[in-house]
Trainee: 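Supplied in structure tokens, the structure appears directly below.
Lettering of chains follows the sequences in order, A, B, ..., and the numbering in each one begins at 1. Keep in mind that this is a model prediction, so the values were computed, not measured.
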Protein chains: 2
Amino acid sequence: MGRPRGFDEATVIRSAAELFSTRSYDGISMDDLVTHLGVHRNSLYKTFGSKRGLYQAALRWSLEHHIAPLIDRVAGAGDLAQALHVAVGEPAEEAGLNLLLMAVVERAPVDREVADQLAPVLAAFDQAARTAAGQHSPAGQHPPGEQHSPAENARQDEDDVAFALTATILGLRLRARAGTSGTNVDQAGAALAHRLTRHP
Amino acid sequence: MGRPRGFDEATVIRSAAELFSTRSYDGISMDDLVTHLGVHRNSLYKTFGSKRGLYQAALRWSLEHHIAPLIDRVAGAGDLAQALHVAVGEPAEEAGLNLLLMAVVERAPVDREVADQLAPVLAAFDQAARTAAGQHSPAGQHPPGEQHSPAENARQDEDDVAFALTATILGLRLRARAGTSGTNVDQAGAALAHRLTRHP
DNA sequence: GCAGTTTAGGAATGAACAGTCAAGAACGTT
DNA sequence: AACGTTCTTGACTGTTCATTCCTAAACTGC
């Protein structure tokens, strides 16, 4: 009952995510959003409560619909080269990764809820990178013990490499954003993957 | 002649760089700067012209006094592990790299002068990473020819790996900034370097 | 100690900002 | 067709923003 909405909420969220992926949170005004989304201020406030609410909805949507599938594809990639390719080479995921990048760099440090939302995503990325890098040891957190058995060291090493690989993926997207052509970024990822998998 | 300054310009620039490294450009107001720097608004405007002028001075200073020496140390590192360690493991350079990170992610896309200033710095980083990764081929741009001789391919590959390594350095700093729980960044860099140098 | 020059300080300006209000329009229900 | 409900709309509010004005202060040279 009541007047029907003149806009599709999912579409608005997707457009907002796109806009938020291009500039900093404080660099985007509500007027910018109103213009870019083609939806009236009050409709946005009614639906999302505040600018922050809209941002959070956009981030959540992007993490769920862009990043999570991307993580799955990274985890399912046959080898590391393919994993890096799907992570940075696909232009379709640009907006999603750019928003993640912005969120990590400039939102997380000043918004705890954002930080708390991103932490598990980065962890999942690590896990996927670890899977793609070579299925040597099973998933899992580190057990509490302080002993350094060879098996534990190996597992820790896998974690560390995966952590660095996620960093590389984000760094490569950062550089693509900074002006380097996508082709070169993809090529750089391939070159690094090749070096890392030379010695299986 | 005239009344002497009540502040040291270099100190102010350094403090501004520190502050700009913590939040986005638009997330920092002139009031924030006035408070953090302990210098009156008018003195800042008299000296730097505008908020953007102050930012540019801070960025230039940081690139010159933090990033350039860091690049030199990366280039001079004995091996890749050491290069990554000096790049991400030294807490003294945190502010410099964080500012670089913020500049690349959120300033460069909306401020061409910043973008133009960062491009050669990233290129220098690539060159240093290439040097640290192994002194196989001399420095230099690619010659114009389109042939793909083995030597050229090797050189291109070195460039690509170096590009990816710079991305990794920035990515690792990004993750350090994001509050890495568990795995530490330095250790991750070391693990990746170890994998990359296993096969010389 | 006065003239000239440069900085400091506080107050002001207008624009842009996030968020709100009240009136009306489009529906389902009765 | 009258009603309650939900959405739309444009104007509005108070705040914060970057930037500027003006006067007083601190110095140098005469």
Trainee: Round to a whole Å and report the spacing from CZ of A:Phe48 to P of C:dG19.
Mentor: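 In whole Å, C:dG19 P lies 14 Å from A:Phe48 CZ.
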Trainee: Return a table of donor-acceptor pairs under 3.5 angstrom between the side chains of residues 161-170 of chain A and protein atoms on other chains or two or more places apart.
Mentor:
from	atom 1	to	atom 2	distance (Å)
A:Thr166	OG1	A:Asp126	N	3.4
A:Thr166	OG1	A:Asp126	OD1	2.6
A:Thr166	OG1	A:Ala162	O	3.3
A:Thr168	OG1	A:Ala164	O	2.9
A:Thr168	OG1	B:Thr168	OG1	2.6

Trainee: Return the CZ to CD distance between B:Arg112 and B:Gln117, rounded to the nearest 0.5 Å.
Mentor: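 Nearest 0.5 Å value for the CZ-CD distance: 14.5 Å.
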Trainee: Nearest 0.5 Å, please: how far is CG in B:Leu59 from CZ in B:Arg107?
Mentor: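 Answer rounded to 0.5 Å: 10.5 Å.
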Trainee: Ignoring backbone atoms, establish whether B:Lys51 has a side-chain N or O less than 4.0 Å from OP1 or OP2 of D:dA18.
Mentor: yes
Trainee: So, B:Lys51 side chain and B:Ile28 main chain: donor-acceptor pair closer than 3.5 Å or not?
Mentor: yes
Trainee: Taking only the side-chain heavy atoms of B:Ser43 (C-beta and beyond), determine which of D:dT8, C:dA8, C:dT20 contains the nearest atom.
Mentor: C:dA8
Trainee: Check the distance between C:dC17's C1' and A:Leu54's CG and give it to me in whole angstrom.
Mentor: 16 Å
Trainee: Do the charged groups of B:Arg195 and A:Glu158 touch, with an N to O distance under 4.0 Å?
Mentor: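 A:Glu158 and B:Arg195: salt-bridged.
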Trainee: Are any protein N/O atoms closer than 3.5 Å to N/O atoms in nucleotides 10-12 of chain D? If there are, list each pair with its distance.
Mentor:
from	atom 1	to	atom 2	distance (Å)
D:dG10	N7	A:His40	NE2	2.6
D:dG10	O6	A:Asn42	ND2	2.7

Trainee: Using a cutoff of under 3.5 Å, can you pull out all pairs of nitrogen or oxygen atoms linking the protein to nucleotides 24-28 of chain C, with atom names and distances?
Mentor:
from	atom 1	to	atom 2	distance (Å)
C:dA25	N3	A:Arg3	NH1	3.3
C:dC27	O2	A:Gly2	N	3.4

Trainee: So, do A:Thr47 and A:Leu54 sit near enough that their side-chain heavy atoms are less than 4.5 Å apart?
Mentor: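 Result no, sub-4.5 Å side-chain heavy-atom pair not found.
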Trainee: Can you list, in residue-number order, the parts of residues 14-39 of chain A that come under 4.0 Å of DNA chain D, counting heavy atoms only?
Mentor: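 Close to the strand, none.
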Trainee: Say you draw a straight line from CD of B:Gln187 to CG of A:Asp160; how long is it, rounded to the nearest 0.5 Å?
Mentor: 4.0 Å
Trainee: Can you tell me how far P of D:dT9 sits from CG of A:Leu44, to the nearest Å?
Mentor: 11 Å
Trainee: Please state how far atom NZ in B:Lys46 lies from atom C1' in D:dT23, giving the value in whole angstrom units.
Mentor: 13 Å
Trainee: Looking at B:Glu113 and B:Arg52, is any side-chain nitrogen of the basic one under 4.0 Å from a carboxylate oxygen of the acidic one?
Mentor: yes
Trainee: Could you pull out all residues at least two apart from B:Tyr55 that satisfy ring-ring contact (aromatic ring centres under 6.0 Å, His included)?
Mentor: B:Phe20, B:Tyr25
Trainee: With rounding to the nearest 0.5 angstrom, report the CG to CZ distance, A:Asn98 to A:Arg23.
Mentor: 13.5 Å
Trainee: Mind listing the side-chain donor-acceptor pairs of residues 62-71 of chain A below 3.5 Å, one per line with the distance, residues two or more places apart or on another chain?
Mentor:
from	atom 1	to	atom 2	distance (Å)
A:His65	ND1	A:Trp61	O	3.2
A:His65	ND1	A:Trp61	NE1	3.4

